[in-house]
Number of protein chains: 2
Amino acid sequence: MTDQLRIEKQLCFPIYLFAKEIINYYRPLLKDLELTYPQYLVMMVLWENKKSTVNEIGERLSLDSGTLTPLLKRLEKKGFVERQRSEKDERVVEISLTHCGSNLKKAAEKVPEQLIDIMKVDQEDLETLKHLIHKVLRNKNANELDDY
Amino acid sequence: MTDQLRIEKQLCFPIYLFAKEIINYYRPLLKDLELTYPQYLVMMVLWENKKSTVNEIGERLSLDSGTLTPLLKRLEKKGFVERQRSEKDERVVEISLTHCGSNLKKAAEKVPEQLIDIMKVDQEDLETLKHLIHKVLRNKNANELDDY
DNA sequence: CAAAATTAAATTGCACACAACTTAATTAGA
DNA sequence: TCTAATTAAGTTGTGTGCAATTTAATTTTG
């Protein structure tokens with residue numbers, strides 16, 4: 001009974017640990033690009049879309065303005081993005097890539113394979129893991145909708 | 001080629017997201033106990049061991065003194081733990097549970113099942129996920145040892 | 001035994017992450 | 001239409017998480 005509280009029994013601790021560990025593997029690779037992991041996520045959104053609002057980025061990455069506003073200011077300071085108020089709706093801030101930010105994509109394309117080299121995990125296990133997490137997240141969302 | 005950088009293709013984003021999401025599910029449950037998730041992890045270590053050094057807790061949870069020292073001071077302030085220098089080795093700080101911290105275990109024992117109720121994920125999927133992450137972490141460690 | 005190396009915590013500084021709140025702009029509705 | 005509700009970002013405050021450094025104590029070694 002009481003050993004339900006043992007860390008090993010818990011479902012979340014390994015995931016919490018694994019997430020931290022992955023980010024630690026990214027750190028040295030991203031340092032070369034002058035990016036942190038969350039900044040890298042934002043850049044990936046922009047490399048896909050060229051231009052996004054703070055809201056859109058937040059929805060995509062599950063981050064709120066309290067996290068994104070200062071993060072985007074840091075990316076602006078580094079010269080990777082531009083922030084400017086929408087003319088149509090003054091509440092909205094549009095984030096777009098600078099030349100420098102666009103060019104960074106080339107270097108970033110090498111990151112995924114570098115990561116796999118460094119992490120030394122079985123590629124097949126990772127694929128299975130990814131599918132399973134997708135499934136769990138998808139099912140969870142579906143179950144939540146049942147409440148309404 | 002270039003779509004290797006799409007967020008969906010990456011292995012890490014779902015894990016990063018899932019880890020955050022789990023902690024968000026814990027938040028309201030742990031708020032009743034006046035604990036954050038990392039504080040809850042530390043308390044779990046102590047509920048198992050009664051007394052640990054900062055180092056031991058850090059090894060168990062993969063956290064360094066830069067994270068633990070202020071966290072433990074907050075737990076001390078809440079009256080859940082006591083911190084005192086070892087007499088044998090003055091460098092070491094021993095962390096032990098107060099009465100209040102020990103008593104908190106009863107309430108904490110309800111957390112795991114509450115979490116499962118709230119999260120609405122398939123129990124079987126979670127078990128598979130846990131096993132797989134354990135396997136990946138274990139293999140990774142084994143592979144790293146090969147380097148020496 | 002004394003200097004050098006190692007070790008354990010603490011400190012400093014930076015960057016998330018999120019709750020709660022504020023401000024300004026837009027939309028909805030009586 | 002004009003006020004009330006909603007929305008988008010920003011701000012403030014707290015708590016991690018980690019790199020880099022510091023301080024003090026203990027070991028190791030010459």
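Every chain is numbered from 1 and lettered A, B, ... according to where its sequence line falls, protein lines coming before strand lines. This is a predicted model, so every value here is computed, not measured.
Using a 4.0 Å cutoff on non-hydrogen atoms, the parts of residues 37-48 of chain A near DNA chain C are A:Pro38, A:Gln39, ordered by number. Remark: B:Ser62, B:Leu63, B:Asp64, B:Gly66, B:Thr67, B:Leu71, B:Arg74, B:Lys88 in residues 57-88 of chain B come within less than 4.0 Å of DNA chain D through at least one heavy atom.
Residue B:Thr36 places none of its side-chain N or O atoms closer than 4.0 Å to OP1 or OP2 of D:dG15.
Checking side-chain atoms of B:Ser52 against main-chain N and O of B:Leu46 turns up no donor-acceptor pair under 3.5 Å. B:Trp47 contributes a side-chain N or O that, together with a main-chain N or O of B:Gly101, makes up a donor-acceptor pair within less than 3.5 Å.
With sequence neighbours left out, the side-chain hydrogen bond (donor to acceptor under 3.5 Å, both in side chains) criterion links B:Arg83 to B:Glu76. In this structure A:Lys110 satisfies the side-chain hydrogen bond (donor to acceptor under 3.5 Å, both in side chains) test with no other residue, sequence neighbours excluded. With sequence neighbours excluded, the residues satisfying salt bridge (Lys or Arg N to Asp or Glu O under 4.0 Å) with B:Glu127 are B:Lys130. Residues forming a side chain to side chain contact (heavy atoms under 4.5 Å, CB included) with A:Lys31 (at least two apart in sequence, or on another chain): none. With sequence neighbours excluded, the residues that form a side-chain hydrogen bond (donor to acceptor under 3.5 Å, both in side chains) with B:Asp89 are B:Arg91. Take A:Tyr26 and apply the ring pair (Phe, Tyr, Trp, His ring centres under 6.0 Å) test, not counting sequence neighbours, and it matches A:Tyr37, A:Tyr40. With sequence neighbours excluded, no residue satisfies salt bridge (Lys or Arg N to Asp or Glu O under 4.0 Å) with A:Arg85. Every residue two or more places apart in sequence or in another chain that forms a side-chain hydrogen bond (donor to acceptor under 3.5 Å, both in side chains) with A:Asn24 is listed here: A:Arg27.
Taking atom CD1 of residue B:Ile22 and atom P of nucleotide C:dC18, one finds them 13 Å apart after rounding to whole Å. Rounded to whole Å, the distance from NZ on A:Lys31 to P on C:dC14 is 14 Å. Residue B:Tyr26 contributes atom OH, which lies 19 Å from atom C1' of C:dC18 at whole-angstrom precision. Between the C1' atom of C:dA15 and the CD atom of A:Glu34 lies a distance of 15 Å, rounded to the nearest Å. Summarising the geometry, the separation between NZ on A:Lys20 and C1' on D:dG15 is reported as 14 Å, rounded to the nearest angstrom. With rounding to whole Å, B:Ile23 atom CD1 is found 12 Å from C:dA19 atom P. Regarding A:Arg27, its CZ atom lies at a distance of 8 Å from the C1' atom of D:dA19, rounded to whole Å.
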Where do N or O atoms of nucleotides 1-8 of chain C meet protein N or O atoms at under 3.5 Å, pair by pair?
{"residue": "C:dT7", "atom": "O2", "partner": "B:Arg91", "partner atom": "NH1", "Å": "3.0"}
{"residue": "C:dA8", "atom": "OP1", "partner": "B:Asn55", "partner atom": "ND2", "Å": "2.9"}
{"residue": "C:dA8", "atom": "OP2", "partner": "B:Asn55", "partner atom": "ND2", "Å": "3.3"}
{"residue": "C:dA8", "atom": "O5'", "partner": "B:Asn55", "partner atom": "ND2", "Å": "3.4"}

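Counting only residues at least two apart or in different chains, salt bridge (Lys or Arg N to Asp or Glu O under 4.0 Å) contacts with residues 51-66 of chain B comprise A:Glu8-B:Arg60, B:Glu48-B:Arg60, B:Lys51-B:Glu94.
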